[in-house]
Amino acid sequence: MTFDDYSAHNSDRQTDRQTDRQTRKIAVQWLPLGEIATDLYRGSGIRRDQITENGTPCVRYGEIYTTYNIWFDKCASHTDETMLGTKKYFEHGDILFAITGESVEDIAKSCVYVGSEKCLAGGDIVVMKHNQNPKYIAYALSTANARMQKSKGKVKSKVVHTNIPSIRNIIIPVPPLRRTTTHRLHPRPL
């Protein structure tokens with residue numbers, strides 16, 4: 001079975017099994033994100049009262065949980081960047097991690113930006129730049145295995161946090177780049 005044959009309605013467990021089958025068919029390295037990333041940095045705070053109807057596209061960490069799925073191409077929020085002190089940008093292909101959350105299971109939820117605009121990352125977001133297929137990395141980070149690694153060592157409390165060193169240690173399968181750009185390695189058509 002190839003990813004092209006994969007049904008759009010399968011569960012995470014089936015996605016993990018499919019990824020396992022696919023990785024057995026091709027030469028795959030299991031690498032920590034620290035080896036995949038060309039840069040990892042935190043966003044800079046954008047307060048709710050700094051959100052505007054127009055302006056520079058931006059993402060606040062809560063939107064990663066409530067608005068975006070595995071990938072997105074347009075930001076739901078905008079801000080007037082002249083109101084901001086420090087600015088941290090992300091661009092096409094960057095992975096965004098929410099590093100603050102309400103549950104251990106959801107901590108470090110991630111998504112990839114596949115749009116064309118330069119956007120601002122709010123506080124409690126980690127941006128990962130890399131040279132891999134962005135949608136493949138996003139899907140690999142959404143598997144049950146990756147989610148389990150994201151929550152490892154986190155303690156249940158009202159607010160759960162993670163950090164860049166923890167994100168660097170998440171290990172995912174990484175096939176040769178040419179393989180992820182010539183074959184569909186995700187469960188649904190995009």
Side-chain angles (χ1 to χ4, degrees), residues 2-4 6 8 10 12 15-16 18-20 22-23 25-44 56-77 87-99 106-122 124-150 162 164 166-190:
T2 67
F3 270 82
D4 289 328
Y6 199 68
N10 288 318
D12 286 337
T15 301
D16 289 345
Q18 182 64 28
T19 300
D20 289 345
Q22 188 71 15
T23 59
K25 288 182 183 180
I26 57 177
V28 171
Q29 291 183 294
W30 287 79
L31 298 172
L33 294 184
E35 290 184 27
I36 297 166
T38 58
D39 197 8
L40 273 166
Y41 56 89
R42 283 191 64 160
S44 186
T56 304
C58 65
V59 172
R60 297 180 69 234
Y61 87 93
E63 294 171 343
I64 293 174
Y65 293 111
T66 62
T67 306
Y68 304 115
N69 290 313
I70 292 174
W71 61 270
F72 68 104
D73 58 2
K74 295 227 183 283
C75 292
S77 296
K87 301 170 190 88
K88 299 289 183 144
Y89 294 93
F90 64 91
E91 303 171 288
H92 176 86
D94 292 346
I95 307 286
L96 307 179
F97 294 88
I99 60 169
D106 289 336
I107 194 63
K109 180 180 185 283
S110 56
C111 57
V112 65
Y113 176 65
V114 294
S116 58
E117 297 181 271
K118 191 173 182 178
C119 309
L120 288 161
D124 289 336
I125 291 176
V126 166
V127 177
M128 183 180 107
K129 294 192 171 291
H130 57 91
N131 293 319
Q132 298 293 320
N133 178 318
K135 286 185 180 177
Y136 173 81
I137 297 298
Y139 277 99
L141 288 168
S142 71
T143 63
N145 179 291
R147 286 195 321 269
M148 183 179 66
Q149 292 178 70
K150 291 175 187 180
T162 193
I164 291 175
S166 294
I167 291 171
R168 284 184 195 279
N169 291 328
I170 298 168
I171 298 171
I172 62 170
V174 182
L177 185 58
R178 69 172 172 70
R179 186 73 180 186
T180 65
T181 56
T182 58
H183 290 55
R184 203 177 95 219
L185 291 175
H186 43 77
R188 289 181 244 177
L190 303 173

Seminar exercise, completed: Value for CG (Asp94) from SG (Cys111), rounded to nearest 0.5 Å, stands at 11.0 Å

Exercise. Are any of the side-chain heavy atoms of Tyr139 and Ile70 separated by less than 4.5 Å?
Worked result: yes

Exercise. Does any N or O in the side chain of Lys135 come within less than 3.5 Å of the main-chain N or O of Trp71, such that one atom is a donor and the other an acceptor?
Worked result: no

Exercise. Would Arg42 and Val126 count as a side-chain contact (heavy atoms from CB on, under 4.5 Å) if you check the C-alpha gap in whole Å, the side-chain angles of each, and the deciding distance to 0.1 Å?
Worked result: CA-CA 4 Å; Arg42 283 191 64 160; Val126 166; 4.0 Å; yes

Exercise. Below 4.5 Å, heavy atoms only, C-beta onward: do Val59 and Tyr68 meet side chain to side chain?
Worked result: yes

Exercise. Using the ring of each side chain (for Trp, its six-membered ring), is Tyr113 parallel, tilted or perpendicular to Phe90, with breaks at 30° and 60°?
Worked result: perpendicular

Problem set entry | Where Ala108 and Tyr65 come nearest, the two heavy atoms and their spacing | N-OH, 4.0 Å

For this session: List the steps, then state whether side-chain contact (heavy atoms from CB on, under 4.5 Å) holds for Cys58 with Ser77.
Result: CA-CA 5 Å; Cys58 65; Ser77 296; 3.8 Å; yes

Exercise. Any donor-acceptor pair under 3.5 Å linking the side chain of His92 with the backbone of Gly115?
Worked result: yes

For this session: Taking the side chain as every heavy atom from C-beta outward, state whether Val127 and Lys88 have any atom pair closer than 4.5 Å.
Result: no

For this session: Taking the side chain as every heavy atom from C-beta outward, state whether Ile36 and Met128 have any atom pair closer than 4.5 Å.
Result: yes

Exercise. How far apart are the closest heavy atoms of Val114 and Asp73, and which atoms are they?
Worked result: CG2-CB, 3.9 Å

Exercise. About how many Å separate SG of Cys119 and NZ of Lys74, when rounded to the nearest 0.5 Å?
Worked result: 9.5 Å

Exercise. How many angstroms lie between CD1 in Ile64 and CD1 in Ile125, if you round to the nearest 0.5 Å?
Worked result: 4.0 Å

For this session: Any chance you could measure Leu33, atom CG, to Arg168, atom CZ, to the nearest 0.5 Å?
Result: 10.0 Å

For this session: Measure the spacing between CG of Leu141 and CD1 of Ile95 and express it to the nearest 0.5 Å.
Result: 6.0 Å

Problem set entry | Non-hydrogen atoms of Ala140 and Ala146 that approach each other most closely | O-CB, 3.4 Å

For this session: Check whether any side-chain N or O of Asn169 sits under 3.5 Å from a backbone N or O of Ser166 as a donor-acceptor pair, and report yes or no.
Result: no

Seminar exercise, completed: Smallest heavy-atom separation, Tyr41 atom then Ile164 atom, equals CA-CD1, 4.0 Å

Exercise. Is a side-chain donor or acceptor of Arg147 paired with a backbone partner of Asp106 at a separation under 3.5 angstrom?
Worked result: no

Exercise. Within a reach of under 6.0 Å around NZ of Lys87, are more than 12 heavy atoms found that belong to other residues, nucleotides or ligands?
Worked result: yes

For this session: Find the distance between CD1 (Ile172) and CD (Gln132) and round it off to the nearest 0.5 Å.
Result: 8.0 Å

Problem set entry | Polar side-chain atom of Lys150 near backbone of Thr162 as donor-acceptor pair, under 3.5 Å | no

Exercise. Salt bridge or not for Glu91 and Lys129, using N-O below 4.0 Å?
Worked result: yes

